[in-house]
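Remarks on the structure that follows.
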Amino acid sequence: IAQFIGELPEYTLRTKRGLSKEAQAVRDAFQIQGTLTQLLLEDIPKALGIDAKPSSGKELSEGLSQILRELECCCAKLHHEMRSLLAEAFGLDKKIELAALRETLSTQYAGLDRYTIDREGFLTFILRLTKMGASDEVWFENLVMFLGHRQLKKWNDTSRDTAVHRLKKFIGKLKDLEKRRIHHQVPVQKLDDDSDLYLLGCVKKGGLAHEELVVVGKNRHEKIKEVQSDIKKWLDSLGDDSLKLAALAEVTDEFLAIPH
């Protein structure tokens, strides 16, 4: 048993969230130097909440077997959890098979790397997301290793938090990048004759960049005509063109920063 525990993945040996309190206590008991008698008659029963007495042998055996199974499956549980989180982050069924998950993501985001520059590892994320050639398992391992900065089996609880945080950040960037690709791939002439396509964007120094793809058709144009006229009057009242631009910049940045 000591050899089995000593050969467990680093994540299993370090996590405090991926295991029950009982499993953590048993795991830690085997990592503390002590006598075999103390381990069997004191540390393990205490970790399992069992009284150390001759009649409790069966209960101790069953409890320890259950804990060992939990320890053995801990890293696989993390693997499954991250696969589910990855699927949900992209709006897919968390029970989707790994092969289907990879095919869906690699197809949807293929070529998206041409629309960005490398900032904070974002380009690397896209390339790993769409990489072909390796097996589905290797593809997944490479992706989560990039998110958590180390192999999955060598993670700790902080690594998991880091991976989830980076995944959420990259998902937001992917959505913005898709809008940019649509802007480049959908010529205005292919829209309805009465529709115009606008890419509204704002980049504030020290802040985040915001972009929004806007389609204005005949119906929308009629609805906003009066407000549009009022906005022009308010801007003209400023006189100076630089003041007009300043007003537009601040209003645009404030509006686009709000999720829509």
Count the heavy atoms belonging to other residues, nucleotides or ligands that lie under 6.0 Å from CD of Gln228, then report whether that count exceeds 12.
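More than 12 within 6.0 Å, yes.
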Heavy atoms of other groups near Glu250 CD, more than 12 under 6.0 Å:
no
Decide yes or no on side-chain hydrogen bond (donor to acceptor under 3.5 Å, both in side chains) for Thr158 and Asp161, but give the supporting numbers first.
CA-CA 5 Å; Thr158 301; Asp161 293 341; 5.5 Å; no
Can you tell me how the ring of His79 sits relative to the ring of Phe140, calling it parallel under 30°, perpendicular over 60° and tilted otherwise?
tilted
Over all heavy atoms of both residues, which pair between [X] and [Y] is shortest? Give the atoms and the distance, please.
| X | Y | answer |
| --- | --- | --- |
| Asp157 | Arg17 | OD2-N, 3.4 Å |
| Arg102 | Gly133 | NH2-N, 3.7 Å |
| Leu98 | Glu137 | CD2-OE1, 3.7 Å |
| Trp155 | Gly148 | CZ2-CA, 3.7 Å |
| Lys154 | Arg14 | O-NH1, 3.6 Å |
| Leu152 | Met82 | CD1-CG, 4.3 Å |

For the hydrophobic clusters of this structure (ILVMFWY residues joined by side-chain heavy atoms under 4.5 Å, transitively), does one cluster hold both [X] and [Y]?
| X | Y | value |
| --- | --- | --- |
| Ile1 | Leu13 | yes |
| Trp234 | Val227 | yes |
| Ile171 | Ile96 | yes |
| Leu248 | Phe255 | no |
| Met145 | Tyr11 | no |

Beyond-backbone contact of Gln151 with Glu141, side-chain heavy atoms, under 4.5 angstrom
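The answer is no; the side chains never approach within 4.5 Å.
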Report the C-alpha distance between Phe125 and Leu167 in whole Å, list the side-chain angles of each, state the deciding distance to 0.1 Å, and finish with yes or no for side-chain contact (heavy atoms from CB on, under 4.5 Å).
CA-CA 9 Å; Phe125 176 70; Leu167 177 60; 4.2 Å; yes
With rounding to the nearest 0.5 angstrom, report the [atom1] to [atom2] distance, [X] to [Y].
| X | Y | atom1 | atom2 | value |
| --- | --- | --- | --- | --- |
| Leu92 | Gln108 | CG | CD | 7.5 Å |
| Gln66 | Leu71 | CD | CG | 11.0 Å |
| Asn219 | Lys223 | CG | NZ | 6.5 Å |
| Ile126 | Ser106 | CD1 | OG | 13.5 Å |

Using a 3.5 Å distance criterion without hydrogens, assess whether the side chain of [X] forms a donor-acceptor pair with backbone atoms of [Y].
| X | Y | result |
| --- | --- | --- |
| Glu88 | Lys94 | no |
| Thr15 | Thr12 | no |
| Ser159 | Asn156 | yes |
| Asp253 | Ala249 | no |
| Glu70 | Ser20 | yes |

For the pair Leu174 and Leu129, evaluate side-chain contact (heavy atoms from CB on, under 4.5 Å) and give the outcome as yes or no after the intermediate values.
CA-CA 11 Å; Leu174 278 175; Leu129 196 66; 4.1 Å; yes
Under a 4.0 Å N-O cut-off, is there an ion pair linking [X] with [Y]?
| X | Y | result |
| --- | --- | --- |
| Glu81 | Arg160 | yes |
| Lys244 | Asp241 | yes |
| Glu222 | Lys225 | yes |

Is there a side-chain contact (heavy atoms from CB on, under 4.5 Å) between Leu143 and Leu86 once you walk through the steps?
CA-CA 10 Å; Leu143 193 58; Leu86 184 64; 3.7 Å; yes
